[in-house]
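Working notes, structure below.
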Amino acid sequence: MQFRDFHAPTAAAAASSATTASVPYLDSAFDLATICLISALLLLSLLSLFFVFHLRLKCRTSHQLQNFNSLWTVRLLLVLFISFWAVNELLRIPFFRRRYPYPFLPALTLAQQAGLCKVHVVLSLGLYEPGFLVTFLFLVNVSVKKHSRDNKWGVVIVFALCLPIFLLQLFFTYFSPPEVPIPGFLKRSFMTIKDEYGNDAVLCMYPLVNTLVFCAFAIVYAVCFLLSCWRVVSLVINKGLRVRIYALASAVLFPLLVQLLFLGISVVFSPADTFYGGAALMVFLSVLCCTVVGESILIIRPITEALSAGGDCCLWIRDVGPGKQVADEG
């Protein structure tokens, strides 16, 4: 494959993008594995949505469920963040940027495909993933409160906490401070290559600057999440709930560490290298693990228990010592 930097599409490049060869299969096994896993995650998210709205309807006839259902908007936001993250990951796959719009829209030019790569970086590392991570933290913190009021402001709080990293990712992707210009290779979110058919193809990549910004967020988040889980564990007596909290902490913090590791590795390789494909797949798998366990522990499992016992068995903390607060949220 031949590599070249891409700045502005020439007339020949635009014509080439309009006549890209019709390849009836995906570009690599990594893309196929990613699409299959995205489909499975979307099915799980659909199941989570069913549980959220089912509990919302049930609480109208059950007084015991009304208190547990006070966070239904936050749980709904969690499912939406995860679903949008999964759909956004499709933008990283050349197959969808090159072929999927054909039945309905005109073919995307190289410049438009490059623009989608930038959108993917901003939304993935700046909004959707920070969004569901912050929602995890919010739900864990709320679980140690004695009484759970109607958290109408929960959604606002989550978005407010996500706003700084979103603005930073947006700034470093589309702008550059004039006083301290950032070299292009540090901000590069895509690369244009010649595929085996001689056609131009745009491959997405994770920019180094955006990766560093997300790493800073992840470090701060990991400390806050660990402290929150430790606070909950200090109140829990039930061994089963302890195991559940340990599983949630492990499924969030360990995959986050793996993601940071392979994000750093991906910066070293070219998007056309097999090693980069493997690193990108590991980044995806680490986030996938986090989302699956998060939806299972924070949405599906507690709602199932609430429905089966009328809201009484979905407590994080059912029995605590004197002077301690009782949590009433799963």
Side-chain angles (χ1 to χ4, degrees), residues 31 34-35 37-39 41-42 44-45 48-49 74 76-98 100-101 105 108 111-138 155-176 186-191 202-218 221 252 255-256 259-260 262-263 266-267 271 279-292 294-295:
D31 294 345
T34 300
I35 291 175
L37 293 173
I38 287 176
S39 301
L41 179 59
L42 289 176
L44 180 64
S45 298
S48 300
L49 284 176
V74 181
L76 176 62
L77 180 65
L78 174 60
V79 177
L80 292 178
F81 271 137
I82 292 176
S83 301
F84 288 147
W85 173 83
V87 174
N88 184 61
E89 284 300 298
L90 295 177
L91 297 180
R92 188 172 53 83
I93 301 177
F95 177 82
F96 281 89
R97 286 185 281 104
R98 186 175 63 239
Y100 184 73
L105 300 173
L108 297 177
Q112 291 171 334
Q113 294 184 48
L116 289 179
C117 289
K118 292 184 177 181
V119 170
H120 167 264
V121 171
V122 173
L123 293 181
S124 180
L125 299 183
L127 181 59
Y128 296 147
E129 184 174 355
F132 66 71
L133 288 175
V134 170
T135 308
F136 288 166
L137 180 61
F138 179 85
V155 175
V156 177
I157 294 173
V158 170
F159 274 108
L161 294 175
C162 294
L163 186 60
I165 185 173
F166 175 73
L167 293 178
L168 284 175
Q169 297 287 15
L170 191 68
F171 176 78
F172 285 115
T173 301
Y174 291 98
F175 307 98
S176 179
L186 296 179
K187 298 175 55 180
R188 184 177 301 168
S189 58
F190 60 90
M191 176 177 289
V202 176
L203 301 180
C204 296
M205 55 193 300
Y206 294 102
L208 179 59
V209 173
N210 299 78
T211 300
L212 293 176
V213 171
F214 182 77
C215 286
F217 163 82
Y221 174 83
V252 172
L256 191 60
Q259 180 189 12
L260 297 181
F262 282 97
L263 276 174
S266 68
V267 176
L281 181 62
M282 288 302 300
V283 170
F284 172 80
L285 289 176
S286 61
V287 183
L288 179 72
C289 175
C290 179
T291 58
V292 170
E295 280 189 330

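Only heavy atoms go into these numbers, but all of them, side chains included; no hydrogens, no water, no symmetry mates.
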On a heavy-atom basis, the closest approach of V283 and S286 is O-OG, 2.7 Å
In Å and rounded to the nearest 0.5 Å, what is the CG to CD distance from L203 to Q113?
9.5 Å
List the steps, then state whether side chain to side chain contact (heavy atoms under 4.5 Å, CB included) holds for V74 with L78.
CA-CA 6 Å; V74 181; L78 174 60; 5.9 Å; no
Please find the pair of heavy atoms, one from G131 and one from V158, that lie closest to each other, and give the distance.
O-CG1, 4.0 Å
When every non-hydrogen atom of A86 is compared with those of L42, the smallest separation belongs to CB-CD2, 3.9 Å
Rounded to the nearest 0.5 Å, what separation is found between the CG atom of L208 and the OG atom of S189?
13.0 Å
So do the side chains of L37 and L285 get within less than 4.5 Å of each other, counting heavy atoms only?
yes
Could you tell me the separation between the CD atom of E129 and the CZ atom of F214, rounded to the nearest 0.5 Å?
3.5 Å
Is there a side-chain contact between V122 and Y174 (heavy atoms, below 4.5 Å)?
yes
Minimal heavy-atom distance between F284 and T34, with the atoms involved, is CZ-O, 3.9 Å
Does H120 form a side chain to side chain contact (heavy atoms under 4.5 Å, CB included) with E89? I'd like the steps, not just the answer.
CA-CA 7 Å; H120 167 264; E89 284 300 298; 3.1 Å; yes
Step by step, work out the side chain to side chain contact (heavy atoms under 4.5 Å, CB included) result for V121 and K118.
CA-CA 5 Å; V121 171; K118 292 184 177 181; 5.8 Å; no
What orientation do F132 and F136 show, parallel under 30°, tilted 30 to 60°, or perpendicular over 60°?
tilted
Evaluate the side chain to side chain contact (heavy atoms under 4.5 Å, CB included) criterion for residues M205 and S266: first the C-alpha distance (whole Å), next the side-chain angles of each, then the deciding distance (0.1 Å), finally the verdict.
CA-CA 8 Å; M205 55 193 300; S266 68; over 6 Å; no
Going by heavy atoms in the side chains, are L288 and P255 under 4.5 Å from each other?
no
Rounding to 0.5 Å, atoms CG (L80) and CG (L77) come to a distance of 6.5 Å
Euclidean distance, N88 CG relative to L127 CG, rounded to 0.5 Å:
9.0 Å
Non-hydrogen atoms of P207 and T211 that approach each other most closely
O-OG1, 2.8 Å
Determine the minimum heavy-atom distance between Y221 and L133, stating which atoms define it.
OH-O, 2.6 Å
Name each donor-acceptor pair under 3.5 Å that joins a side chain in residues 159-172 to protein atoms two or more places apart or in another chain, with its distance.
{"unit_1": "Q169", "atom_1": "OE1", "unit_2": "N210", "atom_2": "ND2", "d": "2.7"}
{"unit_1": "Q169", "atom_1": "NE2", "unit_2": "L125", "atom_2": "O", "d": "3.4"}
{"unit_1": "Q169", "atom_1": "NE2", "unit_2": "N210", "atom_2": "O", "d": "3.2"}

Would you say the side chain of W85 lies within less than 4.5 Å of the side chain of L41, judging by non-hydrogen atoms?
yes
E295 versus S45, side-chain donor and acceptor atoms under 3.5 Å:
yes
Hey, could you give me the CE/SG distance between M191 and C204, rounded to the nearest 0.5 Å?
12.0 Å
